Amino acid sequence: MDASNGDCCHGWAARDPSGLLSPYKFSRRPVGSDDVSISIQYCGVCFADVIWTRNKLGHSNYPLVPGHEIVGIVTEVGSNVGRFKIGDHVGVGTYVNSCRECDYCDSKLEVHCSKGAVFTFDGVDADGTITKGGYSNYIVVHERYCYTIPENYPPQLAAPLLCAGITVYTPMIRHNMNQPGKSLGVVGLGGLGHLAVKFGKAFGLKVTVFSTSISKREEALNLLGADNFVISSDEKQTRGLEKSFDFIINTASGDISFDLYLSLLKTAGVLALVGFPSEVKFSPGSLSLGAKTITGSITGGTKQTQEMLDFCAAHKIYPEIELIPIQYSNEALERLIKKDVKYRFVIDIANSLKGDL
């Protein structure tokens with residue numbers, strides 16, 4: 001496909017807040033001097049795909065093509081592109097543009113761009129167009145927002161790293177949780193949580209998983225390698241863990257007891273939120289007594305995302321995935337809502353999206 005001529009792109013889109021996805025044809029912009037055109041091989045399925053296709057935030061623009069965990073092969077490069085060549089395996093994460101002028105962009109923290117990073121789908125790009133994501137057969141992206149997929153790293157496994165992976169990696173690095181011997185608590189064992197466990201073990205941490213479901217115990221301990229598994233609603237189990245964690249990362253979007261988890265932190269310990277509970281409520285004393293911190297985090301900048309990908313390749317950190325065809329995407333989103341996935345859906349775009357709309 002010669003993307004430089006603005007050829008038709010084939011994808012799957014939601015047309016209204018029902019979120020139902022179906023085949024859709026649209027145009028991508030021509031390849032500019034700093035752009036790469038990527039033939040998409042795989043795209044991970046994130047809960048953001050549910051939120052945006054169903055207009056949960058009230059500002060979705062339809063037709064909406066979701067997907068921001070993209071892995072593919074470079075098919076064309078602009079005249080100024082120096083980092084990539086045709087045939088390279090590359091990834092695209094949650095954003096595809098930023099102002100490239102502010103202090104955050106200068107520091108390679110583009111996700112925090114002062115003017116707002118442009119999301120990979122349903123974002124307003126510099127030319128005023130609405131971005132469309134990875135549930136499609138190709139995408140055109142400025143080279144700055146593309147990542148090298150390390151050689152010999154399975155491309156289908158790289159996809160979840162571009163949102164789920166960097167979302168848990170970023171706060172762990174920011175709070176020095178890559179120092180062996182520290183204690184990590186992981187709340188929730190889904191797409192994000194299972195990667196937090198894998199990073200924790202690679203960093204040499206003592207990892208405890210907190211879950212409301214006893215059914216996850218065996219996989220947490222035996223498949224993912226956690227050191228301990230705790231039912232968060234069991235007071236007997238949690239009482240013995242007071243003041244024992246350096247860092248707890250909450251990957252769950254359900255409501256949690258903030259006072260409980262703050263009580264489990266050591267002095268100066270940190271509770272990091274990467275999930276989105278409906279409210280944050282705690283006693284001020286739970287925070288102040290012990291000089292504890294609650295912090296939030298989203299994904300990460302381009303520099304750290306590439307470092308994370310390289311770290312995963314070097315340490316053989318692989319997400320647990322279920323590979324699906326694009327035609328299964330509606331069922332996958334329904335299963336994601338029901339938490340019925342171990343642990344991340346990845347769409348096999350290359351072998352299922354054939355353009356025969």
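All values below were derived from every heavy atom in this structure, side-chain atoms included, with hydrogens, water molecules and symmetry-related copies excluded. As the structure is a prediction and not an experimental result, all values here were calculated from the model.
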Determine whether a donor-acceptor pair (N or O, by modelled atom type, separation under 3.5 Å) exists between the side chain of [X] and the backbone of [Y].
{"X": "Arg100", "Y": "Arg144", "result": "no"}
{"X": "Asn178", "Y": "Phe203", "result": "no"}
{"X": "Asn330", "Y": "Glu334", "result": "no"}
{"X": "Gln327", "Y": "Ser352", "result": "yes"}
{"X": "Thr94", "Y": "Cys163", "result": "no"}
{"X": "Ser288", "Y": "Gly285", "result": "no"}
{"X": "Ser183", "Y": "Ser244", "result": "yes"}
{"X": "Ser107", "Y": "Leu109", "result": "no"}
{"X": "Asp49", "Y": "Cys46", "result": "yes"}
{"X": "Ser60", "Y": "Leu57", "result": "no"}

Distance (rounded to the nearest 0.5 Å) between [X] [atom1] and [Y] [atom2]:
{"X": "His10", "Y": "Phe26", "atom1": "NE2", "atom2": "CZ", "result": "9.5 Å"}
{"X": "Leu241", "Y": "Asn228", "atom1": "CG", "atom2": "CG", "result": "6.5 Å"}
{"X": "Leu333", "Y": "Leu21", "atom1": "CG", "atom2": "CG", "result": "6.0 Å"}
{"X": "Leu157", "Y": "Ile149", "atom1": "CG", "atom2": "CD1", "result": "11.0 Å"}
{"X": "Ile256", "Y": "Glu279", "atom1": "CD1", "atom2": "CD", "result": "11.0 Å"}

Point to revise | SB check Lys132 Asp122 (cutoff 4.0 Å) | key: no

Check your understanding: When you check the gap from the basic side-chain N to the acidic O, do Arg335 and Asp340 get nearer than 4.0 Å?
Key -> yes

Point to revise | For the student: nearest non-hydrogen atoms of Asp35 and Pro30, plus distance | key: OD2-O, 3.9 Å

Point to revise | Steps toward salt bridge (charged side-chain N to carboxylate O under 4.0 Å, His left out) verdict (Lys342, Glu219) | key: CA-CA 10 Å; Lys342 293 181 179 177; Glu219 287 198 347; 3.6 Å; yes

Crowded around [X] [atom1]? As in, over 12 foreign heavy atoms under 6.0 Å?
{"X": "Asp106", "atom1": "CG", "result": "yes"}
{"X": "Lys339", "atom1": "NZ", "result": "no"}
{"X": "Gln179", "atom1": "CD", "result": "yes"}
{"X": "Phe276", "atom1": "CZ", "result": "no"}
{"X": "Lys266", "atom1": "NZ", "result": "yes"}

Practice item. Run the numbers on Arg29 and Asp125 for salt bridge (charged side-chain N to carboxylate O under 4.0 Å, His left out), then give the verdict. Key: CA-CA 11 Å; Arg29 71 167 185 261; Asp125 212 343; 3.3 Å; yes

Please tell me if the side chains of [X] and [Y] come closer than 4.5 Å, counting only heavy atoms from C-beta onward.
{"X": "Ser136", "Y": "Ile40", "result": "yes"}
{"X": "Leu262", "Y": "Ile294", "result": "yes"}
{"X": "Pro17", "Y": "Arg54", "result": "no"}
{"X": "Lys115", "Y": "Cys105", "result": "no"}
{"X": "Thr131", "Y": "Val118", "result": "yes"}
{"X": "Val280", "Y": "Phe282", "result": "yes"}
{"X": "Cys113", "Y": "Tyr95", "result": "no"}

Exercise for review: Check whether the ring centres of Tyr318 and Tyr153 lie less than 6.0 Å apart, and answer yes or no.
Suggested key: yes

**Study point:** Pair His68 and Phe121, ring centroids less than 6.0 Å apart
**Key:** yes

Ring-plane angle category for [X] and [Y], please: parallel below 30°, perpendicular beyond 60°, tilted otherwise.
{"X": "Phe210", "Y": "Tyr261", "result": "perpendicular"}
{"X": "Tyr343", "Y": "His194", "result": "parallel"}
{"X": "His142", "Y": "Tyr145", "result": "perpendicular"}

What donor-acceptor contacts under 3.5 angstrom involve side-chain atoms of residues 305-314, with partners at least two apart or in another chain?
from, atom 1, to, atom 2, distance (Å)
Thr305, OG1, Gly301, O, 2.7
Gln306, OE1, Thr148, N, 2.8
Gln306, NE2, Thr148, O, 2.9
Gln306, NE2, Asp310, OD1, 3.2
Glu307, OE2, Lys303, NZ, 2.7

Practice item. Show your working on side chain to side chain contact (heavy atoms under 4.5 Å, CB included) between Val36 and Val90 and close with a plain yes or no. Key: CA-CA 10 Å; Val36 296; Val90 298; 5.5 Å; no

